[in-house]
Amino acid sequence: MRTPEEPWSYGLFIPHDPRAVGVVRATIRCVLKAARLDCIVDTAELLASELVTNAYRNTETDSYVSMDWEPSPPDFRVTVWDSGDGLPQPVAARCDGENGRGLTLVEHCSDAWGVHDYTDKDAGVTGKAVWFTLNPPPQETAP
């Protein structure tokens with residue numbers, strides 16, 4: 001596998017709509033395949049869908065997803081920006097429920113993750129950004 005040598009970024013405004021999760025998954029799959037980063041596609045799709053689902057469930061406004069590649073060291077970052085209050089934390093999932101697994105998946109399947117709040121006074125916007133990174137395995141060199 002040969003990773004992209006130049007940094008790049010893609011962004012996607014998503015409406016507060018349950019179909020947005022599928023759109024984000026398809027977009028990430030397309031972007032990563034075009035960049036020859038097939039080795040992280042499935043994990044990136046899963047984790048991004050968890051963060052977008054959280055944004056949908058916990059806010060009533062549109063969100064923004066950014067996808068950023070840095071070649072040295074190889075690092076793919078997905079950030080989901082939303083207008084929700086509070087900084088989320090992983091919680092223990094209950095056996096009889098469907099909630100509580102998303103951030104735990106992000107925590108265990110990503111190389112790093114985090115959350116921070118933000119304020120853009122000029123735009124009158126406050127909220128949070130939840131992100132994760134995936135580092136593709138090192139390139140194999142031919143003998």
Side-chain angles (χ1 to χ4, degrees), residues 1-94 97-142:
M1 173 197 67
R2 187 166 171 86
T3 59
E5 296 176 4
E6 298 294 325
W8 47 259
S9 295
Y10 287 89
L12 186 63
F13 282 99
I14 55 173
H16 188 260
D17 181 331
R19 295 172 291 197
V21 175
V23 171
V24 170
R25 289 177 68 104
T27 302
I28 284 179
R29 178 166 290 276
C30 183
V31 166
L32 289 176
K33 285 195 169 281
R36 298 182 316 271
L37 291 167
D38 299 61
C39 60
I40 61 172
V41 167
D42 293 336
T43 305
E45 262 191 296
L46 171 67
L47 302 184
S49 67
E50 293 296 336
L51 296 187
V52 172
T53 298
N54 285 351
Y56 175 75
R57 286 183 175 172
N58 296 303
T59 68
E60 295 184 15
T61 60
D62 299 345
S63 299
Y64 181 76
V65 178
S66 63
M67 298 160 267
D68 303 287
W69 170 255
E70 285 295 329
S72 182
D75 180 72
F76 178 67
R77 176 182 295 250
V78 173
T79 306
V80 177
W81 308 79
D82 68 48
S83 62
D85 293 330
L87 302 179
Q89 297 291 323
V91 295
R94 294 178 33 169
E98 293 183 17
N99 297 328
R101 292 173 177 82
L103 287 179
T104 300
L105 278 172
V106 172
E107 181 177 48
H108 289 286
C109 295
S110 66
D111 290 299
W113 81 281
V115 59
H116 64 273
D117 55 358
Y118 68 88
T119 301
D120 182 341
K121 292 179 184 175
D122 294 333
V125 177
T126 61
K128 65 182 174 299
V130 185
W131 58 269
F132 67 85
T133 61
L134 297 173
N135 310 121
Q139 296 180 20
E140 296 181 17
T141 55

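As the structure is a prediction and not an experimental result, all values here were calculated from the model. Positions are given from 1, in the same order as the sequence printed here.
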Distance-only donor-acceptor pairs under 3.5 Å for side chains of residues 64-73, two or more places apart:
unit_1 : atom_1 : unit_2 : atom_2 : d
D68    : OD1    : S9     : OG     : 2.5
W69    : NE1    : P4     : O      : 3.1

To the nearest 0.5 Å, tell me how far [X] [atom1] sits from [Y] [atom2].
X    : Y    : atom1 : atom2 : value
K33  : I28  : NZ    : CD1   : 13.5 Å
T133 : I40  : OG1   : CD1   : 9.5 Å
N58  : K128 : CG    : NZ    : 6.0 Å
E50  : S110 : CD    : OG    : 12.0 Å
L37  : L134 : CG    : CG    : 10.0 Å
F132 : L105 : CZ    : CG    : 11.0 Å

On a heavy-atom basis, which atom in [X] and which in [Y] lie closest, and how many Å separate them?
X    : Y    : answer
V130 : L103 : CG1-CD2, 4.3 Å
C109 : T43  : O-CG2, 3.7 Å
L32  : A44  : CD1-CB, 3.6 Å
D62  : P15  : OD1-CA, 3.3 Å
W131 : V115 : NE1-N, 3.8 Å
G84  : T59  : N-CG2, 3.3 Å

### Message
Can you confirm whether Y118 is buried at OH, in the sense that more than 12 heavy atoms of other residues, nucleotides or ligands lie under 6.0 Å from that atom?
### Response
yes

### Message
Under a 3.5 Å distance rule, please check whether D111 uses its side chain to pair with a backbone N or O of N135 as donor and acceptor.
### Response
yes

### Query
Among pairs that include at least one residue of residues 25-63, which meet ring pair (Phe, Tyr, Trp, His ring centres under 6.0 Å), considering only residues two or more places apart or in two chains?
H16-Y56

### Message
Do V31 and W8 have side chains that approach each other closer than 4.5 Å (heavy atoms only, starting at C-beta)?
### Response
yes

### Any side-chain heavy-atom pair of V52 and I14 under 4.5 Å
yes

